[in-house]
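Note that the numbering runs from 1 along the sequence shown for the chain.
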Amino acid sequence: MTNHCKEPHVFRPLEGKNIVFGISGGIAAFKAADYIRGLKKLGANIKVVLTENGARFVTPLTFSALTGNPCFHSMFDQNNPSFMPHIELANWGDVLVILPASADIIGKTANGIADDLLTTLFLSFDSKKLVFPSMNPAMYENPAVQDNIQRLRDRGVVVVEPEEGTVVCGAKGRGRLPGFDTVLVQIRKALAHKDLKGLNILVTSGPTREPIDPIRFISNRSSGKMGLAIAKTAFIRGARVRLVTGPTCMEPPPYFGSIQVETANEMAQEVFREAEAADIIIMAAAVADYSPVTYSASKIKKSDQEMTIRLEKTTDILKELGARKKPGQILVGFCAETEDLIENGFKKLEQKNLDLIVANNITEPGAGFDWDTNKVYLIDPDKNIEELPLLHKEEVAERIFDRILKLNSGS
Ligand SMILES: Cc1cc2nc3c(=O)[nH]c(=O)nc-3n(C[C@H](O)[C@H](O)[C@H](O)COP(=O)(O)O)c2cc1C
């Protein structure tokens, strides 16, 4: 009997990366412990610098235990193996992250003050710097804080906008730390080679829902994970991203623009509008081919009779995009097949005037709907077929963009 159980595929996008993680004196300091744990699991090496006031909220011991490295706490610590920790950390780190960044630390770093280890390190750190402000909304909106943030941005520091919501003190507004996914994506972006910079990339994801009555609809098993992975990867590699997504159980990320739609026709309208400005369009959504001819405004009651629902064809979005394709625009489609994968994929590529098709056999374990992994073939118009191994969907997305860039350069 064939054993289809595979080792879970390990995705470690931060493997070998050195992160210096500054923690200042904000109430969200406790979240840093959880985030650091998450970043470690993804392969990062982490050294923590905790300010004196930060240590009133969380203890150095927690971070030494989580990172496996001493937690740097003082500029002049005689027990510290390094005499000049600010220089040593600056030389070691690929990126400096300050999370949470208090109003105080933002003010000091924006004004070149260097009166403790973290602020001194900030001045000596030459590589990418990322700051995650977190504070009461009135503090955040204060012009002094906003001016300081602008100063940092003008000097190339990435200051990530906090999220709106209710903060610890009960006030509502902007000031909450973003969730782990945003932190991770911003760190990955800071570390990435921005080879998609300047490109507008339109991505679709998820299923569509074709309503029968207010309660029922026809849909499919697409989770939206593949499309979201593509959109995230494009963002990390520097592109301007638009995501048009059908209903999924995942929140669209706050760091790029998303349009949420329900039906195939709604998706068609949004995609055609967004396609005008797109350099690359990747249609990963599983759009319904058919939709009920009629919609019942009230719930259809059960009866003893058989029931027939008449379906009509929806707009073939991919085919229409292929027909409208502008010179230089790249159009990528997906096909999920259960048999004759390569033949069916190539036929679809030709019929729809695609530049690349990503074909996946959804009967393979670990591939297709709802998995975090996928196993795909990339097929181009010259029938070059590239078989990728079973990979995490974000790695598949990386490989798709590598291939697109080769198409672009003509190789
Ligand atoms: C309970 C408590 C919570 C605080 N939370 C925040 C906060 O979330 N953000 C912030 O900017 N300041 C906050 N403060 C004020 C800072 O701790 C204070 O400005 C301190 O000087 C910051 O020190 P740092 O340089 O280590 O950031 C808080 C103070 C207290 C007492």
Side-chain angles (χ1 to χ4, degrees), residues 7-23 28-50 62-72 88-101 118 121-122 125-132 156-160 177-197 225-226 228-239 241 250 253-256 372-374 388-402:
E7 284 283 297
H9 187 82
V10 186
F11 177 54
R12 287 164 63 91
L14 297 175
E15 191 71 63
K17 299 293 180 196
N18 293 342
I19 302 176
V20 182
F21 205 105
I23 301 172
F30 75 95
K31 287 193 182 170
D34 201 27
Y35 289 5
I36 284 171
R37 192 158 175 260
L39 297 170
K40 273 280 289 180
K41 275 191 192 162
L42 298 174
N45 306 312
I46 301 175
K47 291 186 178 175
V48 170
V49 177
L50 186 59
T62 304
F63 296 101
S64 303
L66 284 175
T67 62
N69 286 315
C71 176
F72 294 78
E88 208 165 279
L89 288 165
N91 290 337
W92 179 82
D94 298 311
V95 61
L96 169 62
V97 175
I98 303 187
L99 178 155
L118 184 55
L121 169 64
F122 194 88
F125 202 89
D126 243 353
S127 310
K128 206 77 191 173
K129 290 180 274 222
L130 269 173
V131 170
F132 290 88
V157 177
V158 177
V159 183
V160 179
L177 266 189
F180 180 72
D181 173 68
T182 300
V183 172
L184 171 63
V185 165
Q186 293 288 357
I187 293 174
R188 287 178 63 197
K189 184 172 183 180
L191 292 165
H193 176 47
K194 311 284 188 317
D195 52 3
L196 300 175
K197 196 169 177 183
K225 285 181 183 173
M226 191 65 243
L228 187 60
I230 292 169
K232 263 188 200 178
T233 303
F235 175 79
I236 288 168
R237 286 168 69 159
V241 177
M250 293 169 300
Y255 40 84
F256 54 66
D372 287 335
T373 51
N374 211 350
L388 301 185
L390 185 74
L391 294 171
H392 190 278
K393 283 182 172 166
E394 290 195 31
E395 291 168 299
V396 173
E398 294 280 4
R399 304 286 280 269
I400 292 171
F401 283 116
D402 292 346

Open item on the list: With a 6.0 Å cut-off (strictly less than), is the heavy-atom count around CZ of Arg37, excluding the residue itself, greater than 12?
Closed with: no

Open item on the list: Could you check whether any side-chain N or O of His193 sits under 3.5 Å from a backbone N or O of Asp195, counting only pairs where one atom can act as donor and the other as acceptor?
Closed with: no

- [ ] Specify the closest pair of heavy atoms between Glu398 and Arg188, including all atoms of both residues, with the distance to one decimal.
- [x] OE2-NH2, 3.9 Å

TODO: Check for a donor-acceptor pair, side chain of Gln186 on one end and backbone N or O of Val183 on the other, with a separation under 3.5 Å.
DONE: no

Open item on the list: Using every non-hydrogen atom in the two residues, find where Lys225 and Met250 come nearest and quote the distance to one decimal.
Closed with: N-CE, 3.7 Å

TODO: Measure from the side-chain N and O atoms of Lys17 to the backbone N and O of Gly43, and report whether any donor-acceptor pair falls under 3.5 Å.
DONE: no

TODO: Write down the atom of Ala33, the atom of Thr62, and the distance for their closest heavy-atom approach.
DONE: CB-CG2, 4.2 Å

- [ ] Please answer whether the main-chain N or O of Lys189 pairs with a side-chain N or O of Lys194 as donor and acceptor at a distance below 3.5 Å.
- [x] yes

- [ ] Any chance you could lay out the side chain to side chain contact (heavy atoms under 4.5 Å, CB included) test for Leu184 and Leu42, step after step, and finish with the verdict?
- [x] CA-CA 10 Å; Leu184 171 63; Leu42 298 174; 3.5 Å; yes

- [ ] Identify whether NZ of Lys or CZ of Arg in Lys47 sits under 6.0 Å from the centre of the six-membered ring of Phe72 and within 45° of that ring's axis.
- [x] no

TODO: Determine whether Ile230 and Ile400 make a side-chain contact, defined as any pair of heavy atoms from C-beta on separated by less than 4.5 Å.
DONE: yes

Task: Which atom of Tyr255 lies closest to which atom of Phe235, heavy atoms considered - done: O-CE1, 3.3 Å

Task: Heavy-atom closest contact (Ile23 atom, Leu118 atom, distance) - done: N-CD2, 4.3 Å

Open item on the list: Is any side-chain heavy atom of Phe21 closer than 4.5 Å to one of Val49?
Closed with: no

TODO: Under the ring-ring contact (aromatic ring centres under 6.0 Å, His included) rule, collect the residues that match up with Phe401, sequence neighbours excluded.
DONE: none

- [ ] Answer yes or no: does atom NZ of Lys41 have more than 12 heavy-atom neighbours from other residues, nucleotides or ligands under 6.0 Å?
- [x] no

Task: Exam field: side chain Thr182 to backbone Pro178, donor-acceptor pair closer than 3.5 Å - done: no

Open item on the list: A side-chain contact here means heavy atoms from C-beta on lying under 4.5 Å apart; do Phe11 and Leu391 qualify?
Closed with: no

Open item on the list: Taking Asp94's backbone N and O only, do any of them form a donor-acceptor pair with Asn18's side chain (distance below 3.5 Å, no angle check)?
Closed with: no

Task: Heavy-atom check, side chain of Lys232 versus side chain of Asp181, under 4.5 Å - done: yes

TODO: Return yes if some donor-acceptor pair links the side-chain N/O of Ser64 with the main-chain N/O of Cys71 below 3.5 Å, else return no.
DONE: yes

Task: Side chains of Thr373 and Val396 in contact at under 4.5 Å (non-hydrogen atoms) - done: no

